[in-house]
Structures are given as C-alpha cells and as structure tokens.
Number of protein chains: 2
Amino acid sequence: MARPRKFQAEAAVAKAMEVFWEKGYAAATPQELGERMGLGRGSLYNAFESKQGLFECVLRHYHAHEAPKLLAFLTRPGPVKARLRALFLAVIEIDVADPERRGCLAINTAIELAGRDAAAAQLAARMFEQTEAAFLSLIEEGQRTGEVDATRDARELASFLLNNLTGLRVLGKTAEDTTRLTRIVDALMRSF
Amino acid sequence: MARPRKFQAEAAVAKAMEVFWEKGYAAATPQELGERMGLGRGSLYNAFESKQGLFECVLRHYHAHEAPKLLAFLTRPGPVKARLRALFLAVIEIDVADPERRGCLAINTAIELAGRDAAAAQLAARMFEQTEAAFLSLIEEGQRTGEVDATRDARELASFLLNNLTGLRVLGKTAEDTTRLTRIVDALMRSF
DNA sequence: GCAGTATTTGACCCTAAGGTACAAAACGAC
DNA sequence: GTCGTTTTGTACCTTAGGGTCAAATACTGC
C-alpha cells in the first residue's frame with residue numbers, strides 16, 4: 001500500500017480546535033495551526049483541503065466530543081430541575097474561570113461566520129438543535145414525573161432554556177464574577 | 001491655523017462601523033475600511049491611531065447612536081409589558097431579515113475580542129450594562145404601576161431580560177425564520 | 001499674501017497569510 | 001527487494017495586511 005500517516009487525525013483536529021476556540025476563525029493562522037497540531041504545512045493541506053475544511057472538521061469534532069461533556073449534566077441522576085441548575089451553574093463557573101474567555105465554539109462560530117460561511121453556520125445551528133433537543137427530553141421527563149408543570153408547552157420551554165444558556169455564554173465573556181449570571185439562573189429556574 | 005480635515009469624523013466612523021459590523025474585527029481590512037470611509041490609508045492612520053483605535057471609536061459610536069435606536073422601544077407610550085414585547089419582536093424581525101446576519105455589534109465584539117482586547121471587552125460590557133439599566137428602569141416603572149409583580153427583585157428581572165435579549169440575537173444569527181425566536185419571547189413574557 | 005500648522009496623497013515597506021509544488025521517504029503487497 | 005502509492009518536509013509563490021513617510025496641499029491668523 002502506501003505510507004501511513006504519522007499523526008492521529010482526531011488528535012490533530014482536537015489541537016486545531018483549541019486554536020480556533022481561543023482565537024476565532026479569522027485570527028487562527030495556518031502557521032499556528034500547524035505548530036500546535038504538530039505537523040508541517042504540507043501535511044496539513046494534504047490531510048485537510050484548506051483552512052475552511054479543517055475548521056469544518058473541528059466543528060464536527062466539537063459537536064461530537066466537546067458539547068456532550070456539558071450536556072452530560074442533564075442525564076445524571078437526580079431531580080430534573082436540579083440537573084438543569086447544575087448545568088447552568090457549571091457553565092457559569094467554567095466561563096468565568098477561563099482566562100482565555102473561549103466560551104462556546106458553536107456560538108462563537110455563529111457570531112463570526114453566519115452569513116458568510118453557510119457550512120459553518122449550519123453546523124453551529126445543528127449544535128443549537130442538539131442542545132435544545134436535550135433540554136426537550138429533560139423537560140418531558142420532568143412533566144412525566146410531575147416535576148415540571150405538564151400543561152406547559154415543552155418545546156417552548158426547551159427553546160427558552162436554550163436561549164438562556166446561549167445568553168449566559170455571551171455575558172460570561174465579559175463577566176468579572178458570577179453574581180449577575182447566577183442571578184439570571186435564579187430567575188430562570190423560578191420561571192417555570 | 002492648519003488645513004482642515006475634509007471628512008466628517010462621525011460620518012467616517014459610521015461607515016467604518018458598517019464594515020466592522022458586517023465582517024467582524026479581524027476580517028475587516030484597512031483597505032476596505034479606507035474605501036468605505038472615503039479616505040486614503042494615510043488619512044485613516046493619521047486620524048485614528050490604528051485599526052484598534054478606529055475600532056474603539058466605532059464601538060463608542062455604536063454605543064451612542066445605534067444601541068439607543070432599539071432601546072427607544074422601551075420609552076414609548078403604552079403598557080410596560082407591551083413595550084418589552086415590542087422590543088423583542090422588533091429585534092427578531094431585524095435579525096432574521098438581515099441577509100448579512102450582522103446581529104448586535106456589542107455581542108459580536110464580546111465574542112470575538114473578550115480576553116484579547118481589554119478595551120473592546122470593557123466597551124462591550126458597558127453596553128450590556130446600559131441595556132440592563134434600561135430594562136431595570138422599565139421594570140421599576142411596571143412595578144409602580146402594578147403591571148409587574150412588585151414582590152420580584154427588579155434587578156434580577158432586568159438581568160434576566162438582558163440575558164434573553166442576548167440569546168435571541170445569537171440564535172437569530174442562524175435562524176431561518178422567526179418561529180423559534182417568537183416562541184422564546186412568548187415563554188419569556190409568560191415568565192414574569 | 002505669507003507663515004505656520006495640519007491634512008492628504010500615494011508610494012513604499014516588511015511580514016505573514018494561505019496555499020502550492022516537488023523531491024525524498026515510508027510503508028504494504030507481491 | 002522492488003514497485004506503487006501516499007505522506008512529509010521544505011522551498012517557494014502571490015497577495016494582502018497593517019502601517020509609515022515625504023511631499024504636496026489647504027486653510028487661518030496676522
């Protein structure tokens with residue numbers, strides 16, 4: 001056959017993800033991408049068509065491996081509302097503690113590239129769907145167990161939760177501490 | 001004295017704002033900035049220290065002239081809640097109708113530059129404050145007139161509204177129509 | 001109408017972005 | 001061991017980013 005590649009594709013993409021996550025798409029240079037991924041420009045462009053192509057892989061990777069880490073809070077044992085609150089508070093902690101202010105890559109991508117890169121926008125949108133879906137099934141669970149008012153439109157609540165999670169991740173970008181964000185979570189949990 | 005500048009500073013900054021708003025900070029080039037502002041590179045760098053300096057002026061301009069356009073919805077006549085709903089629905093319409101998907105410059109800036117440009121981050125944060133303050137005084141008005149439950153923490157509600165507005169503007173980036181966003185506003189208005 | 005100051009023009013500079021081209025190397029099949 | 005294929009690394013290319021500078025110019029105060 002042929003010469004096998006020396007690098008692990010997934011590992012390299014994970015490294016690239018770090019760069020794009022820290023800097024955004026436009027500010028990430030092929031130079032730094034190559035260095036952090038541990039491969040030369042040749043290999044980089046051989047394995048991934050272009051910067052755009054690489055970024056698409058990165059988004060898929062984030063979708064498949066990074067986003068689920070947070071959503072895992074929703075499938076833990078315990079009361080539905082407690083799980084929700086735990087997720088929101090964890091996100092707040094993570095965002096405020098991060099000196100790089102990376103936030104959420106899906107949101108960052110939607111902000112930076114929606115309207116100029118259809119593929120990226122679509123992948124970001126898919127992640128929003130995914131998150132909303134996770135909220136939806138949790139809400140429905142809560143409605144079955146009586147923890148959540150069953151007369152409310154579950155879909156509406158799920159969208160509402162998604163919206164608040166999104167807002168928090170943006171406000172977390174400039175928040176100096178968690179007080180305002182926690183206050184928001186309080187209001188949110190009180191609202192349904 | 002000296003030769004007077006040929007261009008109107010405010011008008012030029014407004015033009016620059018368009019560019020940064022459409023493209024983001026990193027993707028806006030001095031070339032395009034100069035062209036759209038109607039002045040050569042020399043003049044550009046003479047009047048504004050640097051790309052960063054210009055961007056700061058742009059943010060101040062947005063803060064002073066663009067953000068108030070939306071917040072004006074809150075000071076119109078009519079019931080407090082109706083005004084709030086009107087603002088949210090207007091934002092949704094604007095965002096979904098915009099083919100450029102510009103969204104909100106304050107949010108875009110927070111996402112792109114928080115953690116790497118302290119001045120920009122601070123200006124974005126100030127705009128969040130401004131918006132929250134507008135919500136706060138409206139809520140307080142509602143509490144005085146009895147339109148809003150006076151037992152609730154007005155500050156909490158104001159932060160909550162800010163968070164939802166922020167979320168909407170992000171989700172609006174990838175939304176194909178207004179259905180989900182309207183649903184969110186419904187949930188929000190029902191929640192207090 | 002001249003002096004003095006500030007603006008404008010446009011050429012110019014250096015670095016890097018983003019990508020390509022190609023030789024050499026590394027393997028598996030046979 | 002050779003062949004054929006794929007990776008790699010390096011050198012290279014073009015365009016543009018971000019910015020500077022000197023000269024030319026246009027005002028105002030006197």
Side-chain angles (χ1 to χ4, degrees), chain A residues 1-59 61 108-109 112-113 116-120, chain B residues 1-59 61 105 108-109 112-113 116-120 123:
Chain A
M1 282 294 228
R3 175 176 181 170
R5 21 183 73 155
K6 201 164 69 186
F7 66 94
Q8 311 295 325
E10 278 302 289
V13 170
K15 285 295 182 189
M17 180 181 71
E18 289 179 11
V19 180
F20 283 121
W21 203 353
E22 288 166 14
K23 310 249 192 176
Y25 178 79
T29 68
Q31 166 104 353
E32 183 168 6
L33 286 166
E35 282 171 10
R36 304 258 305 252
M37 295 168 79
L39 35 69
R41 298 271 270 292
S43 304
L44 208 178
Y45 281 93
N46 178 49
F48 310 91
E49 280 294 276
S50 60
K51 191 182 170 186
Q52 273 200 44
L54 173 57
F55 188 58
E56 252 186 72
C57 292
V58 161
L59 287 180
H61 180 88
N108 298 354
T109 300
E112 186 178 0
L113 296 178
R116 285 188 305 140
D117 180 337
Chain B
M1 282 294 228
R3 175 175 182 171
R5 9 185 81 150
K6 203 165 67 184
F7 66 95
Q8 311 294 324
E10 278 302 287
V13 171
K15 285 294 184 189
M17 179 181 71
E18 290 179 12
V19 179
F20 283 121
W21 202 353
E22 288 166 14
K23 310 250 193 176
Y25 178 79
T29 69
Q31 165 102 353
E32 182 167 7
L33 286 166
E35 282 171 10
R36 302 256 309 251
M37 295 168 80
L39 35 68
R41 299 267 272 290
S43 303
L44 207 177
Y45 281 91
N46 177 49
F48 311 90
E49 280 294 277
S50 60
K51 190 181 169 185
Q52 273 199 43
L54 173 57
F55 189 59
E56 252 186 72
C57 292
V58 161
L59 287 179
H61 180 87
L105 184 58
N108 299 354
T109 301
E112 186 178 359
L113 296 178
R116 285 188 305 140
D117 180 337
L123 284 166

Using whole Å, report how far CZ of B:Phe20 lies from P of D:dG17.
-> 12 Å
When you get a sec, tell me which of C:dG19, D:dT8, D:dG18 is the closest nucleotide to the side chain of A:Lys51?
-> C:dG19
Over how many whole Å does the gap from A:Asn46 atom CG to D:dT5 atom C1' extend?
-> 12 Å
Can B:Thr109 and B:Leu123 be said to form a side-chain contact (heavy atoms from CB on, under 4.5 Å), step by step?
-> CA-CA 9 Å; B:Thr109 301; B:Leu123 284 166; over 6 Å; no
Note: B:Ala120 and B:Leu113 closest approach over all heavy atoms is CB-CD1, 4.0 Å
For side-chain contact (heavy atoms from CB on, under 4.5 Å), just list the numbers for B:Leu54 and B:Met37, CA-CA rounded to whole Å, side-chain angles, deciding distance to a tenth of an Å, and then say yes or no.
-> CA-CA 11 Å; B:Leu54 173 57; B:Met37 295 168 80; 3.9 Å; yes
d(OH, B:Tyr45; C1', C:dA11) in whole Å = 16 Å
Strand-adjacent residues in residues 22-36 of chain A, judged by heavy atoms under 4.0 Å from DNA chain C | A:Ala28, A:Thr29, A:Pro30, A:Gln31
Return the value, rounded to whole Å, for the distance between atom CG of A:Leu39 and atom C1' of D:dT10.
-> 15 Å
What do you reckon, is NZ of B:Lys15 surrounded by more than 12 foreign heavy atoms closer than 6.0 Å?
-> no
Only counting residues at least two apart or in another chain, list the ones meeting side chain to side chain donor-acceptor pair (under 3.5 Å) with A:Glu49.
-> none
Run the side-chain donor-acceptor check on residues 18-25 of chain A: report pairs under 3.5 Å with partners two or more places apart or on a different chain.
from: A:Glu18; atom 1: OE1; to: A:Arg36; atom 2: NH2; distance (Å): 3.0
from: A:Trp21; atom 1: NE1; to: A:Gly103; atom 2: O; distance (Å): 3.0
from: A:Glu22; atom 1: OE1; to: A:Arg36; atom 2: NH1; distance (Å): 3.4
from: A:Glu22; atom 1: OE2; to: A:Arg36; atom 2: NH2; distance (Å): 3.2
from: A:Lys23; atom 1: NZ; to: A:Glu32; atom 2: OE1; distance (Å): 3.2
from: A:Tyr25; atom 1: OH; to: A:Gln52; atom 2: N; distance (Å): 3.4

Tell whether A:Arg41 reaches the base of C:dG18 with its side chain through a donor-acceptor pair below 3.5 angstrom.
-> yes
Given atom CZ of B:Phe48 and atom C1' of C:dT7, what is their separation to the nearest angstrom?
-> 13 Å
